[in-house]
Amino acid sequence: MTGTGVDDGSTARRRASWKAVRPSQWMAASLVVLAAGAAVVLFFTAEVCDQQLASNGTVVRVCRHPQMTDPPMVITGLVILVLLGVFFSEVSGFGITLKRQVEEAQSAAQDAIREARQSDARHQETAEDLADGVREALSRAQPTGRPAEPPVDPVDRLAARYNEIRWTMASGRTRTQAMSDLVDEMIRLLRGTRDFDVDQHLHSGDPGLRLAAAAYLYANPNPVWGPALAEAAVTEDKPFNEYWVLKALREVFRGHCEQLDDATRALLQRRRHELGPGVDRSEQIRKLLRDCPARRNGRTVV
């Protein structure tokens, strides 16, 4: 009967894999087997005898089988591990751990957990934005049925547009791009403005007005607002807002690192730890702390 191509290919691969084993590996494998066999024989047949002092004052000879902690057994075990390191190239020095496989598995697990958490956060954010939109629509309803007048102030109009984007678009790249275009409009509008109430906007209950405060300080950085801006960043419940508050914070402290006090630094470090790696807001904090490293007695503290 004629053999199938699958059987022939499988046999050929097995032969090729055996041929790929180097002579040194064959020798190491043989020595591993011999050393392991010798260890087993010694463990069950050989005896270790010591002279001990009995309770009556006489010296007696006491014999026992070898233990794993005896020097000969320890040396034999180390020899086996060294030989395993030769035969299996993935085993690290003295065969202690399979580091590569363990690290890859841990990294994959951490990535999966991080993605799951980010996905949950996006879903929660979308649900909260939808609820905000419903509440806003109900608050605007009037008995006469006439729609509410749109805001006159250009900053208020942009803030309202930002909120509508959040209420009507699903979380994703398209929405993020629309919000990014809008904050660019805010920055252009507010650059050079002098009569802007930073405190009122920064602590407003309206996400769009809070974003306007971040845009203003990004366009007109003032280190006096550093601590308040940092506090607003770590308490902001909208990730997009937090991202831009942190970008504004970098501009505020640019060239004014001496204004970054220890309390504000500790606040940012805690927030970075909460966010974890791989998050854009965490990266903004990392860049800020890198640009303004801590100093003690005129020296940078690592």
Side-chain angles (χ1 to χ4, degrees), residues 125 128-129 132-133 135-142 146-169 175-265 267-268 271 280-281 284-285 287-289 291-292:
E125 181 186 2
E128 291 174 351
D129 289 340
D132 290 342
R135 285 192 293 268
E136 180 66 17
L138 292 174
S139 68
R140 291 181 181 180
Q142 297 181 6
R146 291 181 301 175
E149 294 293 331
V152 177
D153 184 81
V155 174
D156 291 344
R157 286 202 300 268
L158 289 176
R161 276 178 51 196
Y162 170 74
N163 291 332
E164 289 176 2
I165 290 173
R166 300 195 67 90
W167 299 334
T168 58
M169 296 182 67
R175 185 175 83 157
T176 300
Q177 185 59 55
M179 293 190 298
S180 298
D181 294 341
L182 189 140
V183 77
D184 287 341
E185 287 188 52
M186 283 185 172
I187 291 172
R188 289 193 296 269
L189 176 65
L190 292 169
R191 181 170 282 117
T193 300
R194 299 301 178 192
D195 57 348
F196 185 85
D197 191 333
V198 176
D199 187 70
Q200 180 179 350
H201 285 76
L202 192 61
H203 297 98
S204 171
D206 186 310
L209 295 180
R210 296 199 302 272
L211 180 65
Y216 176 82
L217 288 173
Y218 182 87
N220 308 280
N222 185 342
V224 172
W225 288 102
L229 200 57
E231 184 67 33
V234 301
T235 56
E236 176 61 60
D237 62 345
K238 305 300 181 186
F240 185 84
N241 281 31
E242 182 183 3
Y243 174 78
W244 272 99
V245 171
L246 290 170
K247 284 180 70 69
L249 195 62
R250 288 186 62 198
E251 294 302 314
V252 161
F253 284 125
R254 192 184 301 277
H256 300 280
C257 290
E258 71 282 355
Q259 300 289 337
L260 179 56
D261 56 48
D262 292 341
T264 302
R265 183 183 300 277
L267 191 68
L268 294 171
R271 182 54 178 161
D280 55 1
R281 289 159 286 156
Q284 289 298 317
I285 297 175
K287 290 179 179 179
L288 170 59
L289 298 179
D291 295 341
C292 293

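Scope of the values below: all heavy atoms of this structure, side chains included, with no hydrogens, waters or symmetry mates. Just so you know, residue 1 is the first one in the sequence shown, and it goes up from there.
The distance from the CG atom of L229 to the CD atom of E251 is 11.0 Å, given to the nearest 0.5 Å. The distance from the SG atom of C257 to the CZ atom of R265 is 8.0 Å, given to the nearest 0.5 Å. From M186, atom CE reaches atom OH of Y216 across 14.5 Å, with rounding to the nearest 0.5 Å. Once rounded to the nearest 0.5 Å, the distance linking CG of L268 with CD1 of I285 reads 5.5 Å. In this structure, CD on E231 lies 13.5 Å from CH2 on W225, to the nearest 0.5 angstrom. Remark: R188 CZ to L158 CG distance equals 9.5 Å, nearest 0.5 Å.
A salt bridge between D237 and R210 is present, with a side-chain N of the basic residue lying under 4.0 Å from a carboxylate O of the acidic one. Ion pairing of R161 with E164 is absent here, as no side-chain N (NZ or NE/NH1/NH2) approaches a carboxylate O to less than 4.0 Å.
Considering every non-hydrogen atom in both P227 and V224, the closest pair reads CD-O, 3.8 Å. Heavy atoms only, all atoms of each residue included: E242 and E236 are closest at N-CG, 3.6 Å. Shown here for N241 and L211, the closest heavy-atom pair between the two residues is ND2-N, 3.8 Å. Considering all non-hydrogen atoms of both residues, A228 and L202 come closest at O-CD2, 4.0 Å. Across G208 and A159, no two heavy atoms sit closer than the pair C-CB, 3.4 Å. In terms of heavy atoms, R281 sits closest to P239 at CD-O, 3.5 Å.
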Stepwise side-chain contact (heavy atoms from CB on, under 4.5 Å) check, D197 with D199: CA-CA 6 Å; D197 191 333; D199 187 70; 3.9 Å; yes

Stepwise side-chain contact (heavy atoms from CB on, under 4.5 Å) test for F253 and D291: CA-CA 9 Å; F253 284 125; D291 295 341; over 6 Å; no

Full working for side-chain contact (heavy atoms from CB on, under 4.5 Å) between R166 and F240: CA-CA 10 Å; R166 300 195 67 90; F240 185 84; 4.0 Å; yes

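A donor-acceptor pair is defined here as one N or O able to donate and one able to accept, closer than 3.5 Å; such a pair exists between the side chain of N220 and the backbone of L190. Side chain of T193 to backbone of D195: no donor-acceptor contact under 3.5 angstrom is found. For the pair D153 (side chain) and D156 (backbone), a donor-acceptor distance under 3.5 Å is present. Judged purely by atom type and a 3.5 angstrom limit, S180 uses its side chain to pair as donor or acceptor with the backbone of T176.
Side-chain contact check for Q177 and D181: at least one donor-acceptor pair (N or O, by modelled atom type) lies under 3.5 Å.
The side-chain heavy atoms of L249 and Y218, taken from C-beta on, include no pair separated by under 4.5 Å.
Checked against the 6.0 Å centroid criterion, the rings of H201 and F196 qualify as a close aromatic pair.
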